[in-house]
Amino acid sequence: MVKKNNSYEKLIQADNLPCHIAIIMDGNGRWAHKRLLPRTMGHRAGMNTLKEIVRACSDLGIKILTVYAFSTENWKRPWEEVDYLMKLLVEFLRKEINELNQNQVRIKVLGNYNSLPLVCQAEIEDAINTTNNNSGLLFNIALNYGSRQEILGAVKNLAQQIASGEINPDMISEESISRQLYTKDIPDPDLLIRTAGEMRISNFLLWQIAYTELWITECLWPEFTKDDLLHAIWDYQQRDRRFGGLNSERQDEINA
Ligand code: FPP
């Protein structure tokens with residue numbers, strides 16, 4: 001299929017939207033490098049893309065959007081870049097909170113945000129509290145998030161419960177592990193989008209994406225548009241999700 005401007009809008013089936021979309025927003029640095037700009041300008045452009053994509057998801061009626069904004073490994077970057085990302089987060093929340101709230105967007109954070117600068121923590125708490133009763137898009141921002149650390153925390157909690165006699169090992173199930181994760185009460189992502197072409201998961205939602213459809217584009221995050229999002233959704237709608245089973249045609253062949 002040849003992509004034209006705004007070509008995917010008409011192709012989307014409104015009754016088969018992914019309930020939960022997760023995004024690894026990669027390529028800010030490369031976008032800036034191509035333009036001889038500092039990396040921070042790439043992140044600023046990335047923030048503008050994020051605004052557009054949250055709005056697009058909300059308008060489309062997507063139920064849950066989860067974005068990977070800062071990983072536990074991102075602390076290894078130069079402190080100037082980390083500092084800029086923290087300031088951008090504050091700027092984003094301050095500037096966008098009113099529109100997000102008006103659009104019934106509910107903000108949540110996945111990850112341990114207690115180790116972020118105090119000003120970030122205050123802005124996050126404010127955004128969560130302000131939007132807590134909203135009924136529209138659930139917008140999860142993964143901040144200081146690492147999936148292995150999340151699973152490690154779940155294992156430790158369950159081990160603690162066994163040690164205290166609260167549960168026995170036979171009581172541990174997939175559901176009881178899921179309940180220990182930041183994503184408890186949230187269905188697993190249906191679609192994971194990664195921009196900037198890398199074929200890896202980078203410690204993002206490892207437990208939750210067991211049956212998620214992956215869509216990777218060469219497009220750098222600051223250049224990602226609503227039509228790219230619609231392209232990913234269209235592609236998702238062409239897939240045959242079998243969750244390890246058979247589709248109905250194959251099932252009929254066996255029954256014949
Ligand atoms: C990866 O690009 C991107 C990040 C580590 C940060 C994502 C942040 C934003 C999109 C900014 C806005 C976010 C908020 C919540 C305000 P990279 O720097 O690894 O790019 P590269 O691989 O091309 O160097």
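Just follow the structure's listing: the first ligand is 1, and inside any ligand the first atom is 1. Note that this is a predicted model, so its numbers are computed, not measured.
At the top of the distance list for atom 8 (C) of ligand 1, counting protein heavy atoms only, stands Asn28 ND2, 3.8 Å.
Taking only nitrogen or oxygen atoms, main chain and side chain alike, Gly29 reaches within less than 3.5 Å of ligand 1. Residue Asn74 has no N or O atom closer than 3.5 Å to an N or O atom of ligand 1. Ligand 1 has no N or O atom lying under 3.5 Å from any N or O atom of Trp221, backbone or side chain.
Between the side chains of Trp207 and Ser178, at least one donor N or O lies within less than 3.5 Å of an accepting N or O.
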For residues 191-202, run the donor-acceptor check on the side chains, cut-off 3.5 Å, and write out each pair with its distance to 0.1 Å, sequence neighbours left out.
| residue | atom | partner | partner atom | Å |
| --- | --- | --- | --- | --- |
| Arg194 | NH1 | Arg200 | O | 2.7 |
| Arg194 | NH1 | Ser202 | OG | 2.8 |
| Arg194 | NH2 | Asp26 | OD2 | 3.1 |
| Thr195 | OG1 | Asp26 | N | 2.8 |
| Thr195 | OG1 | Asp26 | O | 2.6 |
| Glu198 | OE2 | Arg30 | NH1 | 3.0 |
| Glu198 | OE2 | Arg30 | NH2 | 3.4 |

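The hydrophobic side chain of Leu152 is isolated, with no ILVMFWY side chain under 4.5 Å apart from it.
In this structure, Gly27 is part of the shell of residues with a heavy atom less than 4.0 angstrom from ligand 1. A heavy-atom separation below 4.0 Å is not found between Arg44 and ligand 1. Look at Arg39 and you'll find a heavy atom under 4.0 Å from some atom of ligand 1.
Each of Asn134, Thr131, Thr130 was scored for a side chain to side chain donor-acceptor pair (under 3.5 Å) with Asn101, with one residue passing: Asn134.
The option with the heavy atom closest to atom 2 (O) of ligand 1, from among Asp26, Ile24, Asn48, is Asp26.
Heavy-atom neighbours of Arg148 CZ from other residues, nucleotides or ligands within 6.0 Å: at or below the threshold of 12.
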